[in-house]
Amino acid sequence: LCDFTAHALQYWGGSADGAENRQAEKAAIRVTKFLRVMRIARLSRLVQKMNKISALGLSTNTRTLVHGFNILWGVLIYNHLVCCTWCAIGKQLSSESGLSWVDYPSYGRITEDGTTLRDVEPVWLYLTGFHWTLAQMTPGPIDIVATNFAEKVFNIVLLVVGLMFGSLIVSLFSGHIMQHIIKRRNRMNSVEAVRRFLRENSISTSLCVQVQKQVIERLTVEPALKLKDVTALSLLSSTLKQDLILESRLPSLISHPVFRIWGDMDSKGLRSLCLMAADSTSLCVQDELFRPQTMATHAFHLSKGRMVYSQVPETSIVEEVRAIEVPTGTWISEAALWSHWDHQGTLEAASNVQLVQVSADGVQKALLLGDVACTVVRQYGINFHRRIVAASPPHAAYPDDLLVPHTSPSQLLSFHVSLGLLERGHAGGTVDLTMSMLEELREEIRKEQCSIQRSPTGDLERVLSIVILRLSRIWDSAILARVGTFSEEKGFVGKADLPATKLRCGEAPRGALQRLIGQELGGLANDSELLGARSETTSAMSLKYGMNTIYYKTIHTAAVRTTDPDEDDIPAVFFGFGRSRTPQDCPIPDRHIYHVYDSEEGRTALFAWVSEAELEHLKTPEGKDSWDECLNIATLEAPVDSV
């Protein structure tokens, strides 16, 4: 607005002609200059922005610096405006009174040519005026005085303003400085009290140094405030206080997939859970959240900072000392919500941390509401407890506070949850599938061959939990591999990988492994000994469904120790002219190929004992093409129905 008015007046004054308009032209020019000077008031916006920054939860020392900067900046803006006005009075009103402060000698001394401030550079004139303006607010000396009536009046006004506001500014600065001094003195008194205690109790020097160092570090850090620590928040209405609690704790709560699904199905129930079960807590560096062999009553979400989880053989089921860094966003001791859980290690803060804790009692109270969402979560808790009981070598590692094996929510939730997510995604347009592809994906979910979950970004993901068996023979190190399939529609199809089966909802990997060995391998893995298991998680984009697919793999390692295996009862594959072994020009020459019918898949799986190198070769394009040529002359030993 100032710029527009200044340009308009300048145009109007410049377009005036004639002697009668000269006075109006001068007035327009004066007003234009004044408006341009007033543009400096825009800098006051910087003070407003600094006030907003100081309200963002800064430390006391930082807020003191911000307030001091605001005061200093306001004083400079005020003195700049006064300086411009003082220079304008000296320049414009001198012709009316005959004398002005700009008629003083330039540079503070009388020169031979009689140069005055009126003749110097504008920068020097501005600095002289700014010096004079500051002298009116402070007792600083200045060799320039008012010389005409207008300057006297202006000078008196400034002196009155300086009398009122000068002392106010000094008191503001003094208050902030005294606050800092008092805080520092209290901190020094606390440190001195600690030193006196250590001295009176004859504490060793090394321990004294550690104690004093930690005390000094923690005195310089402001602990995070809890809701009960802020007494002014008790003045809020119950509704507004609940909104405040939800906004501060709900983001951590819904970072867990189960609670996020709970919120999708029943937002009111999730709000009740947040108010009844969730609370915030904070720790300083080297503080311990829990120790081993103590009863767990809460699960925790690390919202800020880093922690270290450690286990030792004396108190935990580990063979050696183990320390793991826990990053931000990790859920800790979830087992406490679904079982009677004792902590299996020590969790210590590696930095100043903030956590949201969820009480087991609060979760149980929220689950008593009894709606559909609570039923789903209760079933998840039951399956989680089963995984805790089943977690033991060689099928899985022992559970701890950070991980219970095979407890991904997609593995434990009912397939109805996946169907609900898929239907909502399809209705909302986030799932772009044809009706035939959509029905095929629904059928996979109903058969519990896959599940659907929502990622933290809100996208739907397909999840497959797979149990894989790596079975080897002791005497020749051969590996049992699935080398292809046979169906009436497609015939023989070569594909080499390890035997595997999909984990069903709520099914433990141990049960899936027993099903794989007992049913799907047809006796090929009899007399095998399980050696161990490990887990892998991979992800890839599904070209078929156009969504990200996560694979949770449990790879079991086993060995067949019988030197004379009984495989005669397992039907084999013949290759032309009744040969029971593969031709010599095959990627796996002179080998028996066995076939087992899978009633669930409706097709026959082909198995063979191969070496590691042969298995890797079959996975290459050249090996697959060569193997497909061999399968073109293959026939099954017996009808599929009779196997």
Side-chain angles (χ1 to χ4, degrees), residues 440 443-444 446-450 464 466-473 478-504 507 511-528 544 553 556 558 560 565-583 585-611 614-615 617-619 623-643:
E440 188 174 347
E443 189 62 24
E444 283 189 10
R446 293 190 190 101
K447 291 182 178 180
E448 299 182 349
Q449 296 177 347
C450 73
L464 275 78
I466 305 173
V467 173
I468 302 173
L469 176 63
R470 183 180 180 85
L471 182 64
S472 61
R473 294 192 301 205
I479 302 171
L480 182 64
R482 185 174 61 181
V483 294
T485 59
F486 173 82
S487 63
E488 295 293 340
E489 297 81 10
K490 298 181 180 180
F492 287 97
V493 177
K495 183 179 181 182
D497 52 19
L498 294 175
T501 186
K502 294 178 180 178
L503 197 66
R504 298 169 180 171
E507 184 182 31
L513 179 63
Q514 293 173 351
R515 175 166 51 84
L516 175 63
I517 294 175
Q519 300 178 13
E520 300 182 22
L521 293 183
L524 287 170
N526 290 344
D527 300 324
S528 61
K544 182 178 181 180
K553 301 177 182 179
H556 294 271
V560 176
D566 184 13
E567 297 175 349
D568 295 336
D569 296 335
I570 304 174
V573 177
F574 288 89
F575 292 88
F577 305 105
R579 287 181 297 184
S580 61
R581 291 179 178 266
T582 56
D585 56 350
C586 278
I588 45 175
D590 194 27
R591 212 65 53 87
H592 280 294
I593 307 298
Y594 304 98
H595 67 87
V596 179
Y597 181 67
D598 188 347
S599 58
E600 291 187 1
E601 295 288 339
R603 61 185 180 181
T604 299
L606 311 181
F607 297 97
W609 292 98
V610 299
S611 66
E614 290 172 338
L615 178 60
H617 178 61
L618 287 173
K619 293 180 179 180
K624 185 178 185 304
D625 292 340
S626 179
W627 178 235
D628 286 339
E629 292 180 3
C630 292
L631 290 177
N632 288 334
I633 60 173
T635 57
L636 299 181
E637 178 185 0
V640 173
D641 296 337
S642 63
V643 176

Legend entry - Heavy-atom side-chain proximity of V596 to E520 below 4.5 angstrom: no
Legend entry - Considering all heavy atoms, the nearest A605-R482 contact: CB-CD, 4.0 Å
Legend entry - Polar side-chain atom of R591 near backbone of W609 as donor-acceptor pair, under 3.5 Å: yes
Legend entry - Working for side-chain contact (heavy atoms from CB on, under 4.5 Å), residues L606 and L631: CA-CA 11 Å; L606 311 181; L631 290 177; 4.1 Å; yes
Legend entry - Atom pair OG/CG of S528 and L513 - distance to nearest 0.5 Å: 8.0 Å
Legend entry - Sub-4.5 Å side-chain heavy-atom contact between I479 and L498: yes
Inset, instruction - Quick one: closest heavy-atom pair of E614 and P587, and the distance? - result: CG-O, 4.2 Å
Inset, instruction - State, yes or no, whether a side-chain contact exists between R470 and H556 at a heavy-atom distance under 4.5 Å. - result: no
Inset, instruction - Assess whether atom NZ of K502 is packed by more than 12 heavy atoms of other residues, nucleotides or ligands within 6.0 Å. - result: yes
Inset, instruction - Report yes if the side chains of L521 and L480 come closer than 4.5 Å at any heavy-atom pair, otherwise no. - result: yes
Inset, instruction - Write down the atom of T582, the atom of I588, and the distance for their closest heavy-atom approach. - result: OG1-O, 2.5 Å
Inset, instruction - Report yes if some heavy atom in the side chain of T635 is under 4.5 Å from a heavy atom in the side chain of F486; otherwise report no. - result: no
Inset, instruction - Specify the closest pair of heavy atoms between G494 and D628, including all atoms of both residues, with the distance to one decimal. - result: N-OD1, 3.2 Å
Legend entry - L636 side chain reached by Y597 side chain, heavy atoms, under 4.5 Å: no
Legend entry - Nearest non-hydrogen partners of L516 and V467, listed with the distance: CD2-O, 4.3 Å
Legend entry - Value rounded to 0.5 Å, distance of CZ in R581 from CZ in F574: 11.5 Å
Inset, instruction - First locate atom CG of D585, then atom CD of E629, and finally report the distance between them rounded to the nearest 0.5 Å. - result: 8.5 Å
Legend entry - Residues in salt bridge (Lys or Arg N to Asp or Glu O under 4.0 Å) contact with D625, at least two apart in sequence or another chain: none
Inset, instruction - Measure across L618 and W627 and return the closest heavy-atom pair with its distance rounded to 0.1 Å. - result: CD2-CB, 3.9 Å
Legend entry - Approximate separation, where rounding is to 0.5 Å, of Q449 CD and T501 OG1: 9.0 Å
Inset, instruction - Taking the side chain as every heavy atom from C-beta outward, state whether R504 and R515 have any atom pair closer than 4.5 Å. - result: yes
